[in-house]
Amino acid sequence: MERGKENIGFIGLGIMGKPMVRNLLKAGYVPCVYNRSRAAVSELEAEGATAANSSKEAAERSDIVITMLPDSSDVEAVVLGTNGILEAAHEGLLLIDMSTISPVVTKRIAAEVEKAGTRMLDAPVSGGDKGAIAGTLSIMAGGDAGDFERAMPLFEAMGKTIRHCGPLGSGQVVKACNQIVVALVIEAVSEAMVLGSKAGVDPDVILQVLSGGLAQNRVLDLRGPTMIEHDFTPGFKARLHRKDMGIILETAREFGVALPVSALVDQMFTHLVAGGKGDLDHSSLLLVIEALSNHSINEA
Ligand code: NAD
């Protein structure tokens with residue numbers, strides 16, 4: 001069945017959610033938006049979105065409701081809690097959770113959602129704030145193939161590489177794989193920078209040379225220059241990457257997989273967050289390596 005433009009609800013208007021709503025507006029949708037703090041709602045209302053006073057209201061007024069929230073517990077509260085999405089469950093409602101949360105929790109939420117006659121996809125993203133702004137996110141989805149097809153016009157408004165990964169929870173599994181690689185690459189770049197710099201080489205030279213060979217990668221390209229300057233404006237907050245390391249290790253334990261280096265990098269993120277730096281960009285992992293070597297590449 002050919003559908004017209006569906007009514008969209010969007011809950012969670014942070015670093016990612018806000019630009020994703022802007023791209024839906026550009027594609028001709030008029031999302032009904034809700035966020036815990038009001039400023040982001042008013043900002044998007046001024047740009048053409050409509051405002052809801054609760055997650056329940058956003059879902060009531062929608063055919064498809066998207067969540068883009070920090071953690072598993074936030075998604076549970078917004079979907080299953082008081083004034084939550086399920087209180088507004090209605091025929092045909094599709095919930096798309098684009099947050100990065102545990103695949104185990106995803107399945108638990110989906111079981112409740114399905115009992116209420118609502119459909120659910122997990123569709124986490126990668127590409128960061130820059131990808132969200134440009135509408136070039138990678139979107140990895142799990143769930144029913146028909147629901148995925150239905151969501152495709154929305155995904156195309158927000159992303160570029162869009163993939164159905166398998167049954168419900170598969171999107172979150174692929175996202176966990178993605179976050180292993182990103183964390184370990186940031187850690188490797190940090191070690192390279194600190195070694196090279198303390199051994200007397202200008203960090204800009206290290207960056208340029210590594211960018212031209214097999215060591216080239218997107219962390220170096222996008223974050224290398226800001227890491228050298230110690231500009232850790234997020235981006236992706238360190239506390240959220242620590243949250244993702246928890247998801248990765250929990251999933252690994254469930255499936256009996258050993259991830260020794262991920263476990264080590266999890267400890268580094270914990271050190272960073274415990275030291276009050278959780279709201280810095282995740283590239284601030286550099287500060288942990290600098291502290292271990294008592295050397296700042298910024299002051300070299
Ligand atoms: P953020 O902290 O900037 O935004 C989260 C928003 O959710 C905030 O505006 C907050 O007020 C709102 N919120 C929290 N609890 C709520 C509730 N109960 N009801 C309504 N609103 C609520 O986080 P972000 O960087 O936008 O990330 C969102 C998700 O996307 C996370 O799961 C993150 O891991 C994932 N992600 C982030 C990036 C990135 O680069 N920032 C990239 C890929 C994936």
Side-chain angles (χ1 to χ4, degrees), residues 9-23 31-44 51-59 65-87 96-103 105-106 109 122-141 158-161 171-172 174-183 186 218-219 222-223 226 232-248 269 273 278-284:
F10 202 110
I11 300 163
L13 309 171
I15 289 180
M16 298 296 284
K18 217 193 293 180
M20 289 163 78
V21 167
R22 290 196 173 112
N23 283 322
C32 176
V33 299
Y34 175 69
N35 193 63
R36 192 166 49 192
S37 49
R38 196 67 198 172
V41 176
S42 307
E43 204 179 313
L44 289 172
N53 288 310
S54 66
S55 301
K56 180 183 173 183
E57 189 189 338
V65 62
I66 297 174
T67 44
M68 194 52 172
L69 298 158
D71 206 344
S72 302
S73 57
D74 302 305
V75 179
E76 275 186 310
V78 162
V79 178
L80 308 176
T82 309
N83 263 330
I85 291 171
L86 272 206
E87 288 187 11
I96 309 176
D97 180 32
M98 302 190 77
S99 331
T100 305
I101 68 166
S102 151
V105 176
T106 295
I109 294 173
D122 57 305
V125 306
S126 70
D129 57 327
K130 290 191 173 63
I133 293 166
T136 56
L137 291 169
S138 290
I139 301 176
M140 46 216 103
M158 298 182 282
K160 202 166 92 181
T161 307
Q172 296 296 357
V174 177
K175 176 66 184 178
C177 299
N178 184 80
Q179 293 305 80
I180 293 175
V181 176
V182 176
I186 292 175
R218 278 171 70 79
V219 170
L222 296 177
R223 285 296 177 196
T226 47
F232 298 120
T233 313
F236 186 56
K237 291 172 195 152
R239 67 177 162 79
L240 289 180
H241 212 140
R242 176 173 180 266
K243 177 256 308 179
D244 292 351
M245 299 316 291
I247 293 169
I248 289 159
F269 273 117
V273 173
D279 281 332
L280 298 183
D281 188 70
H282 55 164
S283 58
S284 62

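Numbering of ligands and ligand atoms starts at 1, following listing order.
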Ranked by distance from atom 34 (O) of ligand 1, the top protein heavy atom is K243 NZ, 2.8 Å

Atom 42 (C) of ligand 1 [closest protein heavy-atom partner, distance rounded to 0.1 Å] = M16 CE, 3.6 Å

Just jot down the ligand 1 atoms closer than 4.0 angstrom to any heavy atom of D129, in number order.
-> 40 (O)

Salt bridge (charged side-chain N to carboxylate O under 4.0 Å, His left out) against R22, all qualifying residues, sequence neighbours excluded = E43, E47

Got L13 and V21 here, is their nearest side-chain heavy-atom distance under 4.5 Å?
-> yes

A77 to ligand 1, any heavy atom closer than 4.0 Å | no

Rounded to the nearest 0.5 Å, what separation is found between the CD atom of Q172 and the CE atom of M140?
-> 9.0 Å

Non-hydrogen atoms of A132 and L137 that approach each other most closely | N-CD2, 3.5 Å

With heavy atoms only and a cut-off of under 4.0 Å, state how L13 meets ligand 1: side chain, backbone, both or neither.
-> backbone

Minimum-distance protein heavy atom relative to atom 19 (N) of ligand 1 | V78 CG2, 3.6 Å

Near G12, which atoms of ligand 1 are under 4.0 Å from a heavy atom of that residue?
-> 7 (O)

Please write down residue, atom name and distance for the protein heavy atom closest to atom 43 (C) of ligand 1.
-> V125 O, 3.4 Å

Protein residue, atom and distance nearest to atom 40 (O) of ligand 1, heavy-atom basis | G128 CA, 3.3 Å

Check step by step if side-chain contact (heavy atoms from CB on, under 4.5 Å) holds for V182 and D244.
-> CA-CA 11 Å; V182 176; D244 292 351; over 6 Å; no

Are the side chain of K160 and the backbone of G135 linked by a donor-acceptor contact shorter than 3.5 Å?
-> no

List the steps, then state whether side-chain contact (heavy atoms from CB on, under 4.5 Å) holds for T226 with D281.
-> CA-CA 10 Å; T226 47; D281 188 70; over 6 Å; no

Just wondering, do H282 and I186 contact through their side chains at under 4.5 Å, heavy atoms?
-> yes

Report, in ascending order of atom number, the atoms of ligand 1 lying under 4.0 Å from any heavy atom of F236.
-> 33 (C), 34 (O), 36 (N), 37 (C), 38 (C), 39 (C), 40 (O), 41 (N)

Tell me which protein heavy atom sits closest to atom 22 (C) of ligand 1, plus the residue, atom name and distance to 0.1 Å.
-> L69 CD2, 3.4 Å

To which protein heavy atom is atom 20 (C) of ligand 1 closest, and what is the distance rounded to 0.1 Å?
-> R36 N, 3.2 Å

May I ask you to identify the nearest protein heavy atom to atom 10 (C) of ligand 1, giving residue, atom name and distance to one decimal place in Å?
-> N35 OD1, 3.6 Å

Short list, please: which atoms of ligand 1 are under 4.0 Å from a heavy atom of T100?
-> 32 (O), 34 (O), 35 (C), 44 (C)

Just wondering, do N35 and K18 contact through their side chains at under 4.5 Å, heavy atoms?
-> no

Under 4.0 Å from ligand 1, counting heavy atoms only, is it the side chain of K175, its backbone, both or neither?
-> side chain

Do any nitrogen or oxygen atoms of P70 come within less than 3.5 Å of a nitrogen or oxygen of ligand 1?
-> yes

Among R239, K237, M68, the residue with a heavy atom nearest to atom 1 (P) of ligand 1 is K237

Please examine the side chains of M16 and M98, heavy atoms only from C-beta on, and report whether any two atoms are closer than 4.5 Å.
-> no

Please list, one pair per line, the donor and acceptor atoms closer than 3.5 Å that link side chains of residues 65-74 to other protein atoms, with sequence neighbours excluded.
unit_1 : atom_1 : unit_2 : atom_2 : d
T67    : OG1    : D97    : OD1    : 2.8
S72    : OG     : S102   : N      : 3.3
D74    : OD2    : D71    : N      : 2.9

Does the N or O separation between S55 and ligand 1 drop below 3.5 Å for any pair?
-> no

Between F269 and H241, how do the two ring planes meet: parallel, tilted or perpendicular, split at 30° and 60°?
-> parallel

Of the listed options L240, I15, I247, closest to atom 27 (O) of ligand 1 (non-hydrogen atoms) | L240

